[in-house]
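Scroll down for the structure; my scribbles are underneath it.
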Amino acid sequence: MYGTRDVFATWQRGWGRARGVEPGVEVPGGLRVHCRLDSREIEFFAFDDRAESLAGLAAAALREEGVTWLTVATTEPQAAVGALKAAGLTMLQQSEQLMSVDLREHPLSPVPAGYRTETTVDDGVVFVQVFADDGSDAARGYAGVVGGYASADKILTWPGHRRRGLGSVVMGSLANAAIELGAQTGLLIGGVQGQQLYRTLGWCTEATVLIAAPPGTVYPE
């Protein structure tokens, strides 16, 4: 892979496609995106983790009126956390990881008995659903494909269907469909609970992902 900055920027483009988020506007050190998501209105993505650059992005985030996040991918998380706090932001997340994989080597897991999958593709967005035999939702995931890259997003297994390998089924199905769209490399941001699964499927960590915000911002459960 190339540098963290480029990996993060590439992930953001695919993530934006998967979420239906409008393209961002370049600002010094990163990107400002009008997300209009339930959890935040504005999100800044830092493509430069130096202290002076993060201070400028933090100042911009503090000027926003709606709920605003500043998301940073860094290989020096302690220094970045210090810079973000010094700039007046509070930390919402410090343990997520930017991860990548060669999709051509991604394992494909068999669908367990009692379940079926559906894969749809629309304008570069892959949507995989897993249903139980009674038609209820069991698992799902998205991937936004841009060029040779696919950003996996919103991977979820419903509580009553966990520990049955459905997450692996979703990830393999996303990888297979993304390859058909021309992608070769998968990218994602994984939370603590998902990181173990992704590692077993061959995903590797590129950077730590930090989320900071103005004081008083609440991170969604």
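Sequence positions, counted from 1, serve as the residue numbers for this chain.
Applying the under-4.5 Å side-chain rule to Ile, Leu, Val, Met, Phe, Trp and Tyr, the cluster around Tyr142 extends to Val125, Phe127.
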What pairs of donor and acceptor atoms, side-chain ones from residues 163-175 against any protein atom, are under 3.5 angstrom apart with sequence neighbours left out?
residue, atom, partner, partner atom, Å
Arg164, NH1, Tyr115, OH, 2.5
Arg164, NH2, Gly160, O, 3.2
Ser173, OG, Val169, O, 2.9

Enumerate, atom names and distances included, each donor-acceptor pair closer than 3.5 Å involving a side-chain atom of residues 130-137, sequence neighbours excluded.
residue, atom, partner, partner atom, Å
Asp134, OD1, Ser136, N, 2.9
Asp134, OD1, Ser136, OG, 2.7

What donor-acceptor contacts under 3.5 angstrom involve side-chain atoms of residues 38-46, with partners at least two apart or in another chain?
residue, atom, partner, partner atom, Å
Arg40, NE, Glu43, OE1, 2.9
Arg40, NH2, Glu43, OE1, 2.8
Glu41, OE2, His34, NE2, 2.6
Glu43, OE2, Thr71, OG1, 2.5

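In this structure, the side chains of Asn176 and Leu108 come closer than 4.5 Å at one or more pairs of heavy atoms. For the pair Leu57/Val27, a side-chain contact is recorded, criterion being any heavy-atom separation below 4.5 Å from C-beta on. Looking at Val33 and Gln12, their side chains come closer than 4.5 Å, going by heavy atoms from C-beta outward. Side-chain contact between Val25 and Leu31 is absent, with no heavy-atom pair separated by less than 4.5 Å. Side chains of Asp102 and Thr185 form no contact here, defined as non-hydrogen atoms less than 4.5 Å apart. Inter-residue side-chain proximity for Leu62 and Pro215 is flagged as met; some heavy-atom pair is nearer than 4.5 Å. Side-chain atoms of Trp158 and Arg140, non-hydrogen and from C-beta on, do get closer than 4.5 Å to each other. Counting heavy atoms from C-beta outward, Glu118 and Val128 have side chains that stay 4.5 Å or more apart.
To the nearest 0.5 angstrom, Ser151 atom OG is 9.0 Å from Arg13 atom CZ. Note: Trp11 CH2 to Ser100 OG = 14.0 Å, rounded to the nearest 0.5 Å. The CG atom of Asp153 lies 4.0 Å from the CZ atom of Arg19; values are rounded to the nearest 0.5 Å. Between Thr75 atom OG1 and Leu98 atom CG the span is 11.0 Å, to the nearest 0.5 Å. To the nearest 0.5 Å, atom CD1 of residue Ile211 and atom CG of residue Leu70 are 9.5 Å apart. Between the CD1 atom in Ile189 and the CD atom in Gln93 there is a gap of 10.5 Å [rounded to 0.5 Å].
Contact record, Val101 with Leu201: CG2-O, 4.3 Å, taken as the closest heavy-atom pair. Of all heavy-atom pairs spanning Gly141 and Ile155, the tightest one is CA-CD1, 3.7 Å. Residues Thr119 and Ala177 come closest through the heavy atom pair CG2-CB, 4.0 Å. Here the shortest heavy-atom pairing between Glu206 and Thr4 reads O-OG1, 3.9 Å. Across all non-hydrogen atoms, the minimal contact from Ala212 to Leu89 is CB-CD1, 3.8 Å.
One hydrophobic cluster, built from ILVMFWY side chains closer than 4.5 Å, holds both Leu187 and Phe8. Cluster annotation: Val121 and Ile179 are assigned to the same hydrophobic cluster (Ile/Leu/Val/Met/Phe/Trp/Tyr, side-chain heavy-atom contacts under 4.5 Å, transitive). One hydrophobic cluster holds both Val21 and Tyr149 under the rule that ILVMFWY side chains link at heavy-atom gaps under 4.5 Å.
Judged as a side chain to side chain donor-acceptor pair (under 3.5 Å), and not counting sequence neighbours, Glu52 has no contacts. Remark: Arg162 pairs with Leu156, Thr157, Pro159 by the side-chain contact (heavy atoms from CB on, under 4.5 Å) rule, at least two apart or across chains. Evaluation of the side-chain contact (heavy atoms from CB on, under 4.5 Å) rule for Glu76 yields Thr74, Ala79 as partners, not counting sequence neighbours. For Arg50, the side chain to side chain donor-acceptor pair (under 3.5 Å) partners at least two apart in sequence or on another chain are Asp48. Every residue was checked against the side chain to side chain donor-acceptor pair (under 3.5 Å) condition with Trp69, not counting sequence neighbours, and none meets it. With sequence neighbours excluded, the residues forming a side-chain contact (heavy atoms from CB on, under 4.5 Å) with Val81 are Lys85, Met91, Gln94, Leu210, listed by chain and number. A search for side-chain contact (heavy atoms from CB on, under 4.5 Å) contacts involving Ala183 returns Leu103, Val145, Ala150, Ala178, not counting sequence neighbours.
A salt bridge is absent between Glu26 and Arg32; no separation between the charged side-chain nitrogens and carboxylate oxygens falls under 4.0 Å.
With hydrogens and angles disregarded, no donor-acceptor distance shorter than 3.5 Å links the side chain of Thr68 to the backbone of Glu64.
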Could you walk me through whether Gln97 and Trp203 pass the side-chain contact (heavy atoms from CB on, under 4.5 Å) test, one step at a time? CA-CA 11 Å; Gln97 293 183 352; Trp203 293 73; over 6 Å; no
Go through it in stages, so that I can follow the logic: the residues are Leu54 and Val72, the test is side-chain contact (heavy atoms from CB on, under 4.5 Å), and I'd like the CA-CA distance, side-chain angles, deciding distance and then a yes or no. CA-CA 9 Å; Leu54 294 179; Val72 184; 3.8 Å; yes
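Residue pairs meeting the side-chain hydrogen bond (donor to acceptor under 3.5 Å, both in side chains) criterion with at least one partner in residues 120-132, sequence neighbours excluded, are absent.
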